[in-house]
Amino acid sequence: MASPPVGQTEIIPLNAAQRTAVEHLHGPLLVVAGAGTGKTRVIIERILYLLDTIPELQGENILAITYTNKAADEMKARLRRRGDKRAEDVGVYTFHAFCYELLRRHDEAVRILDAIDYWIFLRRRLDQLGLDIFKRLAEPGRFLNAFREFFSRCQDELVSPADYARYVEELAAAFEKEKNLLAEDERREREEELRRQWELARAYEAAERLLAEAKRTTFGGSLLAAVKLLESNAAVREHYQDRLRYILVDEFQDANIAQIRLLELLAAKHQNITAVGDDDQAIYRFRGASYASFRLFARLFPNRREITLAHNYRSTARLLRVATELIAQNEKARFDPKKKLIPTLPPGEKVRLVEVEDAAAEAAHIASELKRRYERTGSYEGSAVLYRAHLHRNALVQALTRARIPFVVRGLSVLTNTLVRDLLAYLRAIENPRDNIALARLLAIPAWQATPEMLFELIQRAQRERTSLAAAIESLHPAVRDQQTPLGALLGLLAELRRRAAELSLMELFDLLLERLELRLLPADPDRPSFDAFVAFLKRWEEEKSQTRRLAEFLEYLDYFEEADGRIELPEDRERRDAVQLMTVHSAKGLEFDSVFVLRLNHNEFPTRRRNPLFEFPLALMKEEHPPGDFHIQEERRLCYVALTRAGRRLDLVTLAGERQRASIFLEDILRDARVAREVEQARAAPAPVEPPAGAVPEWEALFAARQNGACYSRIVQWATQGPVPEAEEPLRLSHSDVETYLKCPLKYKLAHRWKLPGAATPAMLFGKIMHSSVAEFWRARREQRPVSREELQHIYEQQWRQSGWPFRDAYQEREYRSSGWEQLQGFYERHAGEPVAVLELEKTFHWPWQDVVLTGRMDQVNRLGERAVEIIEYKTGQPRPAKKVEKDLQLALYAAAAEQHLGWVPRRLTLYNFTVNEPISFLPTERNVTRALDTVLRVADGIRAGDFRARPGFHCRYCDYQRLCPEYEQPPAAAPAGDAAPPTEDVQKN
DNA sequence: AAAGGTCTATTTTTT
DNA sequence: ATAGACCTTT
């Protein structure tokens with residue numbers, strides 16, 4: 001428990017229902033135990049009662065199953081406390097740990113891959129998955145998460161690759177029969193869908209085969225395999241059936257079909273199975289939990305006994321009244337629609353419902369409430385803030401940091417920690433001397449004594465000399481070679497470690513790095529837990545996952561890890577009690593707090609908007625009936641119920657009431673009945689205090705002050721948000737891509753175009769360049785009246801590849817790009833080889849002074865159509881866009897304007913030629929679109945001149961090079977805990 | 001009322 | 001990239 005239990009302690013005697021559940025001896029038992037009714041206690045007491053009552057019963061005859069390791073550990077600890085050997089021997093497992101052990105008896109070598117490692121496993125074997133429709137050259141891993149989720153869903157439902165293939169065969173057969181009766185477009189649609197299904201079935205089969213060959217399995221796979229083993233192997237089955245005389249399952253509402261089948265098999269002989277849970281708290285449907293686990297249990301064990309625990313020992317009566325009213329709206333979907341919690345505590349305070357203007361006001365409100373309570377009680381213990389999605393906490397984290405309120409965030413990746421990011425920057429700069437982003441980060445570490453101005457100067461020089469930042473340092477300061485200057489020392493350090501990287505393992509190299517940096521963290525350092533988690537991650541990789549143990553392989557792994565949305569989480573912080581707990585509602589399940597805030601109770605936030613998976617698990621394969629009503633809202637409502645029932649004495653609900661915000665339907669649920677509404681006190685919070693300037697977190701410098709030791713703690717985020725900016729050249733020069741970059745993210749524009757810090761090239765960009773220059777070569781020859789044969793074009797193309805090289809590591813991607821590029825070029829050749837040449841310009845650049853800016857650009861090709869009439873052609877690689885989108889394309893509209901108003905042409909036609917489809921789209925931009933494009937340019941110019949460079953996080957961040965420098969992805973340093981964090985005892989020398 | 005255009009935000013999590 | 005919500009136009 002995250003706080004001392006407010007409810008029933010073990011001294012209070014069991015109530016009648018609890019006692020009946022504990023003392024039930026023979027046959028199946030279903031315990032429907034609402035929130036706070038002492039369900040874990042019943043399980044423990046029941047195990048102890050069985051051991052006491054049946055003398056010949058051994059610990060190993062009892063199996064207790066939970067969902068999380070944490071729950072299992074807690075149960076073990078409570079059994080151990082009994083000090084009874086038999087109680088200690090009771091098998092307490094998670095479902096997956098149990099299956100894993102079962103499988104390992106038959107194959108010692110089997111290992112389980114978690115979701116991220118499975119993603120990486122598949123990513124490295126993409127070429128063997130037989131992908132065609134679900135192949136994306138620019139983003140090879142694009143569909144892997146969807147695949148992984150789908151495979152896992154299949155396994156939850158006990159559907160093997162062979163089962164799925166059979167299902168698709170049936171679909172195909174049905175289609176064959178009907179297809180002559182179908183209208184043309186419907187037939188085509190069905191064919192299309194069938195091909196997708198075949199590919200899905202093939203990929204599932206291939207993925208499982210690859211896992212088996214590598215002696216790996218997944219969580220879902222291990223469950224399916226365990227069930228198959230028990231079904232097919234009588235000896236194993238009977239062994240377990242004999243041994244397991246009593247089986248108890250906690251949180252049964254979250255069981256999926258495979259887990260229920262497993263239990264059925266294990267309990268077949270003795271039938272002594274106890275399922276405990278609360279269907280109102282079923283919140284894991286999205287990962288396969290059955291719609292109706294309780295109903296399935298009832299069907300499998302018709303002679304079960306059923307007990308309902310209704311007395312709640314956690315929450316005040318008022319609070320329960322509100323929570324109960326909410327969940328009652330799920331009526332149709334509930335196992336027992338009438339179930340109600342019975343309060344045992346006094347009425348207590350009213351539930352508070354507060355309307356605030358926006359996210360900042362929400363954060364400010366919660367922070368000031370917390371502060372008020374602290375002033376009253378002298379502690380932050382026992383308070384939690386719960387939210388639906390991690391994103392909802394961002395403003396709050398800032399507000400709490402600013403207010404110096406200690407807090408612990410669950411599920412935060414240490415990859416957002418400044419120190420960890422710095423160490424990673426060192427590792428990256430060691431591995432790749434041309435990694436400018438990493439080096440920029442390092443330059444902002446005080447120990448190296450660089451300034452933003454120095455960085456800008458270096459960037460300029462690197463650009464002029466077409467080299468890396470590191471090379472620019474050497475050429476700017478020849479003195480660095482003798483390592484007398486701080487920058488020289490930095491380069492020297494990187495070079496030394498780079499030399500050693502060949503012979504040292506990752507951990508050896510990392511230790512050497514720490515030694516050189518003289519990084520010393522005191523046990524009480526707020527960064528200690530993040531640092532430790534990071535080191536544990538490195539170790540674990542080296543020992544369990546790596547082939548070579550070398551830095552290069554690790555960085556490849558880490559890139560994939562991040563692409564797969566992997567997080568390195570802090571172990572749960574049991575020590576820091578005097579802190580507010582921030583977590584998602586999901587991770588709050590099973591916990592209780594004296595005081596709970598639930599935030600963002602808004603339409604489309606909580607409940608979240610409905611979203612369907614890319615690959616829907618087919619209804620036809622589902623082994624259970626679908627529940628009535630709107631399942632999404634029901635599940636979200638259960639989640640909200642979980643949130644409300646975490647609270648003991650105080651519950652604060654917060655909703656945004658800004659102009660475009662609607663309240664959550666759950667608030668309506670609660671307020672609909674006037675008698676319940678009376679238990680809620682409604683208020684409107686004071687307007688939010690004025691926010692500090694964009695992106696600024698003023699206290700960072702103060703928070704850094706305590707961390708002066710070691711050559712770490714980069715100030716790059718402050719440089720990026722508050723530091724000086726190189727003077728802009730006036731008039732401002734803007735290309736279409738500058739404009740688009742600024743619109744996407746002003747901070748990215750600032751770093752890429754004002755700082756001019758170059759990001760890394762991407763495979764897609766390289767491919768685009770190769771295709772463009774191949775075509776330009778082709779037209780250049782044609783313009784000179786030289787016919788070009790297909791072989792010559794191929795020669796040109798291959799020449800381009802040779803010149804560029806492939807600086808990326810993914811050989812599969814290169815192969816695919818290379819062959820697909822040639823195929824596309826041949827399509828282009830078919831179309832244009834015989835065409836008369838009308839090329840007026842190739843790669844025509846322009847600088848058009850317009851109003852107070854200069855518009856720049858480069859037209860791929862301009863064809864002559866008449867006296868002054870021209871066609872402007874742009875070539876594109878990658879996913880084609882529909883014609884409608886193309887017609888509003890900013891780039892082409894600007895080119896049209898430049899052609900007409902600056903180059904003296906009459907653009908008759910703008911053509912976008914996409915290589916992928918080999919189908920040009922031609923149009924003439926409307927007056928309106930041109931005006932709009934030019935307006936956009938002016939708007940952007942205004943923003944730039946006003947110095948508005950706020951980061952705009954979003955979808956595009958995924959492939960943004962500057963993420964490693966971005967304030968949106970870096971947590972402010974934690975406030976040092978008052979008092980006990982002594983300053984470093986020695987002033988560490990800085991290199 | 002329907003259609004089309006524009007804006008906006010893109011989960012939750014265990015093993 | 002994409003879907004859904006919301007806004008505008010017909």
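Reminder, nothing fancy here: chain letters follow the sequence lines and each chain counts from 1.
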Want to settle it: does A:F219 or A:R388 sit nearer the 5' end of DNA chain B, counting the closest nucleotide to each?
A:R388
With a 4.0 Å cut-off on heavy atoms, is A:T608 in touch with a base, just the backbone sugar-phosphate, or nothing at all?
base
Send over the distance from A:N256 CG to B:dT14 C1', rounded to a whole Å.
11 Å
Closest-nucleotide ordering on DNA chain C, the 5'-leading residue of A:N604 and A:R136:
A:R136
Send over the distance from A:L386 CG to B:dT11 C1', rounded to a whole Å.
16 Å
Say whether A:Q155 and A:E208, considering side chains only, have a donor N or O and an acceptor N or O under 3.5 Å apart.
yes
Just how far, in rounded Å, is C1' of B:dT13 from CE of A:M583?
14 Å
Between A:Y284 and A:H586, how do the two ring planes meet: parallel, tilted or perpendicular, split at 30° and 60°?
tilted
Would you tell me if any nitrogen or oxygen in the side chain of A:T584 comes within less than 4.0 Å of OP1 or OP2 on B:dT13?
yes
Please give, in whole Å, the distance from B:dT14 C1' to A:F252 CZ?
17 Å
Can a side chain N or O of A:R932 be found less than 4.0 Å away from OP1 or OP2 on B:dT6?
yes
Nearest to the side chain of A:H603, which nucleotide is it out of C:dC6, B:dA9, C:dT2?
C:dC6
When the distance from NE2 of A:H632 to C1' of B:dT10 is rounded to whole Å, what number comes out?
13 Å
For A:N602 and B:dA9, give me the distance from atom CG to atom P, rounded to whole Å.
12 Å
In whole Å, I'd like the distance from the CZ atom of A:R662 to the C1' atom of C:dC6.
10 Å
What is the nucleic acid contact for A:R928, judged by heavy atoms within less than 4.0 Å: base, sugar-phosphate only, or nothing?
sugar-phosphate
Rounding to a whole Å, what distance do you find between A:K888:NZ and B:dG5:C1'?
6 Å
For nucleotides C:dG4 and B:dT11, find the distance between their P atoms and express it as a whole number of Å.
15 Å
Could you tell me whether the side chain of A:Q253 and the main chain of A:S293 form a donor-acceptor pair under 3.5 Å?
no
If you compare every side-chain N and O of A:H956 against the phosphate oxygens of B:dT10 (OP1, OP2), does one of them come in below 4.0 Å?
no
Quick one: which of A:F151, A:F134, A:Y204 gives a ring-ring contact (aromatic ring centres under 6.0 Å, His included) with A:F615?
A:F134
Taking the side chain of A:H586 as its heavy atoms from C-beta onward, which of B:dT15, B:dT13, B:dT10 lies nearest to it?
B:dT13
Can you tell which of B:dT15, B:dT12, B:dT10 lies closest to the side chain of A:E605?
B:dT10
Phosphate-side-chain proximity, A:R952 and B:dA9, N/O vs OP1/OP2 below 4.0 Å
no
For A:D114, answer base if it contacts any base atom (sugar-phosphate contacts may also be present), sugar-phosphate if it contacts only those atoms, and nothing otherwise; contact means non-hydrogen atoms under 4.0 Å.
nothing
Closest to the A:R609 side chain: C:dG4, B:dT13, B:dT14?
C:dG4
Aromatic contact between A:F143 and A:F150, with the criterion being ring centroids under 6.0 Å apart: yes or no?
no
Is the side chain of A:S152 donor-acceptor paired with the backbone N or O of A:R148 at a distance under 3.5 Å, no angle test?
no
May I ask you to verify if any side-chain N or O of A:N69 is less than 4.0 angstrom from the OP1 or OP2 atom of B:dT15?
yes
